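Structure record follows, encoded as structure tokens.
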Amino acid sequence: MKYIILTLMGLVIFTPPVSARPVSYSEGWTVMLNNDGDKNTAHVHYSPTAKTSIGYKFENWRDKEMVLNAVQMNNLLKRWNKKDSQANAYLKSGVGVAYSDAGDFDGKIEPAVFTGLALDWEDRRFFTSYENRYTEAGKIDDFYTQSARVGVAPYIGDYGDLHTWLMLQVEHTPEAKDNFTVTSLVRLFKDVHLLEAGMNTRGEVLFNYVFRY
Amino acid sequence: MKKLTLLLTALILIGATPVYAEHHEGGHKTKTEQAVKSGDAHVSVNGLVCDFCAQALEKTFGKKEEVKAIDVNLDSKVVTVNFNDGRTLSDEELTQIITDAGYNVEGIHRVE
């Protein structure tokens, strides 16, 4: 119930929502590398259709001293195509194993699952997204996270140009000591490459890279 | 905060320069602007908001033997489909392909 309320709060606070693309075009492969103050992750997925992708997910939660290896499936629940904008709702879920080095859990391996909703809206000038996730890693840990982004493109490029977005990301992890983190970042997108770099209010660097083929 | 400002400034400068250069070269050259012929199709599509959408349609149409090339215009939201000689796709087939790719067809106009 606590997580439902937190989710609704997130939706209200961050509406209208938006997200990155966890599903590619039919028969497309995507490599996503994310690094921020909490974790390093890698996600490689294949999209048999434009509505589903399946792949491998690796996560290294540094402070939690937990490593997660999972099979992740992403489903496009609904897309709203308008003349000048697009909105999407995705379900992102995974199942795998978690390994922890921390304290009492030294060397412990537990089954792990996670699931979450990702929403996005964008036109060529503005972008907004919201995403949440609940993770259950057996006796090692269970936690809830949510994040939202707003972005603006300082110029509108043609197809094939380098596209630049200035973005602000807010992350909320209820269990953390500093449970709200704000990150300023720049997204650069050209051809099949997407790169993001920024820094949060704790001075930690964010660096993400996405490649599609 | 100073580090963040420097990082953002550097990235913006890095990002803006190539765009300026490309516009000076005359912008993006399309494949079909040079060879649109009778029977080719201009398809108005909803949901075209970024290069990823355009890439998705290029990949999808690229698998079709009937299609020689396509051009996606993000400003007008029109996809121009250039067919190989003697080949074509019906309006229903074009609509199905674009719908399966995740977009909505608003209208189809054939080149006279």
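Just so you know, these numbers come straight off a predicted model, no measurement behind them. Below, chains carry the letters A, B, ... as their sequence lines are ordered, and counting in each starts from 1.
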request  = Step by step, work out the side chain to side chain contact (heavy atoms under 4.5 Å, CB included) result for A:Val210 and A:Asn208.
outcome  = CA-CA 7 Å; A:Val210 178; A:Asn208 299 331; 5.6 Å; no
request  = Can you check whether anything in residues 44-80 of chain A gets within less than 4.5 Å of chain B, heavy-atom wise, and list it by number?
outcome  =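 Residues A:Ala50, A:Arg79 are the ones that qualify, each having a heavy atom under 4.5 Å from chain B.
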task = Go through the atoms of B:Glu106 and report whether side chain, backbone, both or neither lie under 4.5 Å from a heavy atom of chain A.
result =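 It is neither, since no heavy atom gets under 4.5 Å.
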ask   = Looking only at heavy atoms, which of residues 95-104 of chain B get nearer than 4.5 Å to chain A?
value =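 Heavy-atom contacts from residues 95-104 of chain B to chain A are B:Asp100, B:Ala101, B:Gly102, B:Tyr103, B:Asn104.
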Answer yes or no: is there an ion pair linking [X] with [Y], defined by an N-O contact shorter than 4.0 Å?
X        : Y       : value
B:Lys68  : B:Asp40 : no
B:Glu93  : B:Lys64 : no
A:Arg202 : A:Asp38 : yes

query = To the nearest 0.5 Å, what is the distance between CD (A:Gln86) and SG (B:Cys53)?
reply =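 So the CD of A:Gln86 and the SG of B:Cys53 are separated by 5.0 Å.
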ask   = What option among B:Asp75, B:Asn46, B:Leu48 has the most heavy-atom pairs under 4.5 Å with chain A?
value =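 Answer, by heavy-atom pair count under 4.5 Å with chain A: B:Asn46.
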key: Side chain / backbone / both / neither for A:Lys83 at chain B, heavy atoms under 4.5 Å   =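 The answer is both parts of A:Lys83.
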message = Counting C-beta onward and ignoring hydrogens, is there a side-chain heavy-atom pair between B:Ile70 and B:Glu58 closer than 4.5 Å?
response =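 Yes; the side chains approach each other to less than 4.5 Å.
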query = Are any non-hydrogen side-chain atoms of A:Asn200 and A:Asp36 less than 4.5 angstrom apart?
reply =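 A side-chain contact is absent here, since even the closest heavy-atom pair is not under 4.5 Å.
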inquiry  = Tell me whether B:Lys37 at atom NZ has more than 12 heavy atoms from other residues, nucleotides or ligands lying less than 6.0 Å away.
reply    =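 Enclosed: over 12 neighbouring heavy atoms sit under 6.0 Å from NZ of B:Lys37.
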task = Over all heavy atoms of both residues, which pair between A:Lys190 and A:Leu162 is shortest? Give the atoms and the distance, please.
result =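 Distance-wise, the nearest heavy atoms are CB-CD1, 3.6 Å.
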query = Regarding A:Arg149 and A:Ser147, is there a side-chain donor-to-acceptor distance under 3.5 Å anywhere?
reply =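 The criterion, which ignores hydrogens and geometry beyond distance, is not satisfied for A:Ser147 and A:Arg149.
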ask   = Side chains of A:His172 and A:Tyr144: do they bring a donor and an acceptor to under 3.5 Å?
value =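 Not at all, the side chains of A:His172 and A:Tyr144 share no donor-acceptor pair under 3.5 Å.
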